[in-house]
Amino acid sequence: APMSTDYDYLVKLLALGDSGVGKTSFLGQYTDEVFQSKFVSTVGIDFREKRVIYRAPNNSARAHRVHLQLWDTAGQERFRSLTTAFFRDAMGFLLMFDVTNEDSFTHIRSWLEQLRTHAATETPDVVLCGNKADLATRRKVTEVRAREFAKQHGMPYFETSAASGHNVAHCVEKLLELVMTRM
Ligand code: GDP
Ligand code: MG
């Protein structure tokens, strides 16, 4: 049977954030439950897929088969023109910074601007992830600060670790819920 008949929804999500924050590791952890500690800089754009069953919180009896496409961007400026084309197609955004890297948190504002400029809607569904939460001794951005920022911008916030898997699935499921609520 053709692929298009065996799922109810195709959901495209895009991971955004500075280079090195852990986007590729996070998506690898989510789709394959593996973590590679070697740093491989993503060139341009790439995607991974996963099938999930979605149940709305208020109607858990109804199960939807979702085909998730997780688009992975390169954070480098030089690829920005390439990746902006993918903003339009995405239904939700995983916006990520590294809790041990102050600059990556500061840059979230400009990623939000990029998003508002290039996304298909002016109020896209976004979840903020403070990744590398396992590196407690190297932390620069407190959870309180990140949570406050997320609240001001109307985004759910998760502290995640692509290394341990902490909150990784949770974060994607929350974004999926936001996207599915709109459909
Ligand atoms: P990307 O450029 O955003 O795709 O970042 P990568 O996924 O390539 O990760 C950059 C580096 O950070 C790699 O060396 C990863 O192993 C490491 N890394 C990613 N996520 C975590 C995490 O949650 N905890 C720790 N300790 N290291 C991480
Ligand atoms: Mg990458």
Side-chain angles (χ1 to χ4, degrees), residues 11-50 68-115 117-119 124-147 149-150 153 155-176:
V11 173
K12 298 179 185 179
L13 306 178
L14 181 63
L16 294 175
D18 283 5
S19 181
V21 299
K23 299 178 300 296
T24 300
S25 305
F26 180 100
L27 296 179
Q29 177 65 252
Y30 179 67
T31 55
D32 307 329
E33 289 163 29
V34 293
F35 178 70
Q36 273 196 317
S37 60
K38 205 167 120 251
F39 182 43
V40 183
S41 183
T42 313
V43 176
I45 192 134
D46 199 0
F47 77 91
R48 292 166 172 274
E49 297 179 287
K50 185 164 174 147
L68 270 182
Q69 266 186 9
L70 300 150
W71 292 85
D72 189 7
T73 58
Q76 294 93 328
E77 290 288 327
R78 66 198 150 107
F79 295 120
R80 196 160 275 182
S81 60
L82 172 70
T83 54
T84 51
F86 290 90
F87 282 55
R88 280 188 299 266
D89 262 359
M91 299 163 176
F93 301 87
L94 277 168
L95 193 50
M96 189 176 294
F97 69 95
D98 168 357
V99 299
T100 72
N101 178 336
E102 178 72 39
D103 284 349
S104 74
F105 180 63
T106 308
H107 293 162
I108 289 296
R109 280 184 193 281
S110 64
W111 283 110
L112 276 172
E113 272 165 37
Q114 286 275 318
L115 223 159
T117 310
H118 301 289
D125 292 316
V126 190
V127 166
L128 184 66
C129 308
N131 192 44
K132 307 198 189 179
D134 57 292
L135 301 176
T137 59
R138 286 164 50 188
R139 182 188 279 269
K140 297 285 186 313
V141 182
T142 66
E143 182 172 352
V144 172
R145 249 177 93 204
R147 215 168 269 294
F149 177 86
H153 290 85
M155 305 180 278
Y157 176 67
F158 292 91
E159 298 246 306
T160 62
S161 170
S164 75
H166 177 68
N167 267 347
V168 166
H170 232 96
C171 187
V172 178
E173 283 158 15
K174 182 63 192 179
L175 182 56
L176 179 60

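Start at 1 and go down the list; that is how both ligands and their atoms are numbered.
Any N or O atom pair closer than 3.5 Å counts here, and T24 shares at least one such pair with ligand 1. Not a single N or O atom of L135, backbone or side chain, sits closer than 3.5 Å to an N or O atom of ligand 1. Among the atoms of K23, some N or O lies under 3.5 angstrom from an N or O of ligand 1. Checking only distances, G22 does come within under 3.5 Å of ligand 1, N or O to N or O. Considering backbone and side-chain N/O of F26, none are found under 3.5 Å from N/O of ligand 1.
Side-chain atoms of K132 never come within 3.5 Å of backbone atoms of G22 as a donor-acceptor pair (strictly under, hydrogens ignored).
With contacts defined as side-chain heavy-atom distances shorter than 4.5 Å, the pair L128/F97 qualifies.
For ligand 1, the atoms sitting less than 4.0 Å from at least one non-hydrogen atom of A163 are 22 (C), 23 (O), 24 (N), 25 (C), numbered in the order shown with element in parentheses. Every atom of ligand 1 with a heavy atom of S25 under 4.0 Å away is listed here by number and element: 6 (P), 7 (O), 9 (O), 15 (C), 19 (C), 20 (N).
Heavy-atom contacts from other residues, nucleotides or ligands closer than 6.0 Å to CZ of R109 number 12 or fewer.
Using cut-offs of 30° and 60° for the angle between ring planes, the F87 and F93 rings count as tilted.
For residue S19, no N/O/S atom approaches the Mg ion (ligand 2) to within less than 2.8 Å.
Between the CE atom of M96 and the CG atom of D18 there is a distance of 12.0 Å, given to the nearest 0.5 Å. In this structure, SG on C129 lies 13.0 Å from NZ on K174, to the nearest 0.5 angstrom.
At a heavy-atom cutoff of 4.0 Å, ligand 1 is contacted by both the backbone and the side chain of V21.
D98 and S104 share no donor-acceptor pair across their side chains, judged by distance under 3.5 Å alone.
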